[in-house]
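As C-alpha cells, the structure follows; a few thoughts come after it.
Just follow the structure's listing: the first ligand is 1, and inside any ligand the first atom is 1. Small disclaimer: the values here were computed from a predicted structure and weren't measured.
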Amino acid sequence: MKKDLISMDDLSVEEIKDYLRAAHIVEDMSLEKRVQYLPGRIMAALFFEPSTRTRLSFESAMHRLGGSVIGFASKDATSVAKGESFTDTIHTVENYSDILVIRHPGEGTARLAAQESFLPVINAGDGSNQHPTQTLLDLFTIEKDLGKIEGLKVAFVGDLKYSRTVHSLIRALMKLNVTDFTLVAPEALRLPHYFMMNDQPGRFRFYETERIETAIQSCDVLYMTRIQRERFPDLVEYEKVKDSYVLTAEMLQEAKEHLRVLHPLPRVNEIAYDVDKTEFAGYFPQAGNGVIMRQAILLKHMGVEL
Ligand code: CP
C-alpha cells in the first residue's frame with residue numbers, strides 16, 4: 001500500500017481495483033459500523049483553491065468514519081497570505097493531523113507535499129494535472145451504473161486541454177481495458193497528445209471531433225466537462241469557446257438506452273437542466289458516490305484493512 005495518492009499514473013491495475021473493491025465494501029456497511037473506524041483521528045483539508053464537492057465529501061467521509069477535520073477553504077484565511085511558504089504550511093499542519101488532503105492550483109504541489117511530509121498525502125486536485133480521488137469515484141460510478149468498465153465506449157466533451165478530471169480518468173480507463181474513446185472539443189481545447197501515448201500500437205482508438213452528436217449516438221458514457229475560465233491565460237480565448245457545447249434532453253433522443261451522462265461538476269452551462277430529469281443523468285449520484293469512495297481512500301491510507 002502506497003503512503004500517498006497523488007496520480008493515477010502511480011497506480012497499478014490491481015491497486016485501482018483494490019480501491020473499487022474497498023468502496024463496494026464501505027457501501028455495503030452500515031453507518032453504525034463505519035463510524036467506529038477512525039475515532040480520535042484527524043484529517044487536515046488544505047484547500048488553496050475553491051471546492052464544493054471534494055472538500056465537503058472528504059469532510060463528510062471523515063466525520064462519518066468517526067474522525068474529525070481541521071483545515072481551510074481558502075489560503076486567504078491562513079498565514080500563506082502573510083507570505084508563509086507551501087512547505088512550511090505542510091510541516092506545520094502535519095503536527096496537528098493524521099492525514100493531509102490537499103487541493104492547490106500548482107501542478108506537482110501534492111507530490112511535493114508527499115515528498116516533504118511523513119503523513120499520507122491525498123491529492124484533491126493539482127492545477128490541470130491530476131484529480132485521482134475524482135477518477136476513483138468516477139470509476140466506481142461507471143461500474144455501479146453499467147455493471148462493468150472494460151470494453152465500454154467513452155466520450156469526453158468540453159475542456160480536454162485543462163481538465164484534470166479528464167487527464168486522470170482517461171489514463172485509468174486505458175489501464176482498465178477501455179480502448180475506444182471519442183474526444184469532443186473545440187480546436188483550442190483538444191486533449192494534449194501525450195495523454196494518448198502508449199506502448200501498444202493499434203490497441204486504442206481516439207476519435208477526435210468537434211461534433212457532440214457523433215459521441216451521443218455511439219458511446220456508453222458521455223463525460224461532460226466545464227470550460228474552465230480560471231485556467232485560461234487569456235480571457236478573450238475563453239470567451240470564444242465558453243459555450244461550445246450545451247447538452248439538452250432533446251439531443252439525447254439518439255442515445256443508447258443505457259447511456260450515462262457523467263460530469264465531475266460544477267456545471268456552468270454545458271448540461272441543460274432538462275437533462276436532469278432524464279434516465280441518462282448520472283452526475284448527482286456520481287457526486288454522492290464521492291463520500292463512499294473517499295471513505296474507502298481514507299481507511300486504506302490510514303492503515304485500516306478492509
Ligand atoms: N468535482 C470537483 O472537483 O468539484 P469541486 O471543485 O466542487 O470539488
Side-chain angles (χ1 to χ4, degrees), residues 5-8 19 23 43-64 69 71-77 99-107 109-110 113 121-142 144-145 154 156-173 189 221-232 238 242 245 247 260-271 275-276 281-298:
L5 176 56
I6 304 300
S7 167
M8 293 310 293
Y19 282 106
M43 180 189 90
L46 312 182
F47 278 64
F48 296 81
E49 211 186 41
S51 167
T52 297
R53 275 145 294 273
T54 310
R55 186 172 66 84
L56 296 182
S57 65
F58 258 118
E59 293 195 3
S60 173
M62 189 63 180
H63 285 303
R64 287 181 170 175
V69 178
F72 50 83
S74 160
K75 67 177 177 4
D76 297 339
I99 189 165
L100 305 176
V101 176
I102 302 175
R103 171 170 288 190
H104 196 285
E107 296 183 13
T109 40
V121 172
I122 308 298
N123 183 5
D126 61 326
S128 298
N129 186 32
Q130 284 275 315
H131 196 348
T133 69
Q134 178 70 45
T135 292
L136 290 169
L137 79 88
D138 292 344
L139 295 173
F140 182 58
T141 302
I142 293 169
K144 274 178 63 177
D145 289 3
V154 179
F156 290 100
V157 181
D159 176 0
L160 310 191
K161 180 176 180 181
Y162 296 116
S163 172
R164 58 192 172 204
T165 62
V166 173
H167 299 165
S168 276
L169 183 56
I170 197 163
R171 301 297 298 178
L173 290 170
L189 295 177
V221 175
L222 187 67
Y223 195 93
M224 302 292 297
T225 63
R226 174 175 67 95
I227 310 281
Q228 301 173 89
R229 185 177 187 275
E230 67 274 24
R231 306 279 179 228
F232 280 74
Y238 167 74
K242 67 177 183 184
Y245 303 106
L247 181 70
R260 302 305 285 168
V261 178
L262 300 182
H263 191 313
L265 303 175
R267 71 173 149 188
V268 180
N269 205 25
E270 58 280 354
I271 301 180
V275 178
D276 299 0
Y283 30 92
F284 288 117
Q286 178 188 2
N289 288 334
V291 176
I292 296 163
M293 178 49 83
R294 287 170 175 134
Q295 285 185 325
I297 291 167
L298 288 169

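Summarising the geometry of Met224 relative to Glu270, their closest heavy-atom pair is CE-O, 3.4 Å, with the distance given to 0.1 Å. Of all heavy-atom pairs spanning Gly158 and Ile227, the tightest one is C-CD1, 4.0 Å. Contact detail for Tyr19 and Met293: the closest heavy-atom pair is O-CE, 3.7 Å. Of all non-hydrogen atoms in Ser128 and His167, the two that sit nearest each other are O-ND1, 2.8 Å.
Close approach of ligand 1 to Pro264 is summarised as follows: ligand atoms under 4.0 Å from at least one heavy atom of the residue are 1 (N), 2 (C). Heavy-atom contacts of Thr54 reach the following atoms of ligand 1: 2 (C), 3 (O), 4 (O), 5 (P), 8 (O) (cutoff under 4.0 Å). Below 4.0 Å from some heavy atom of Thr52 lie the following atoms of ligand 1, by number and element: 5 (P), 7 (O), 8 (O).
Of the residues Met43, Arg294, Arg64, the one that meets the side chain to side chain contact (heavy atoms under 4.5 Å, CB included) test with Glu59 is Met43.
Taking all heavy atoms of Arg53, Arg103, His263 into account, the minimum distance to atom 6 (O) of ligand 1 is reached by Arg103.
Residue contacts with ligand 1, taken as heavy atom pairs separated by less than 4.0 Å, involve Leu265 solely via the backbone atoms N, CA, C and O.
Polar contact check, Ser51 against ligand 1: a nitrogen or oxygen pair lies under 3.5 Å apart.
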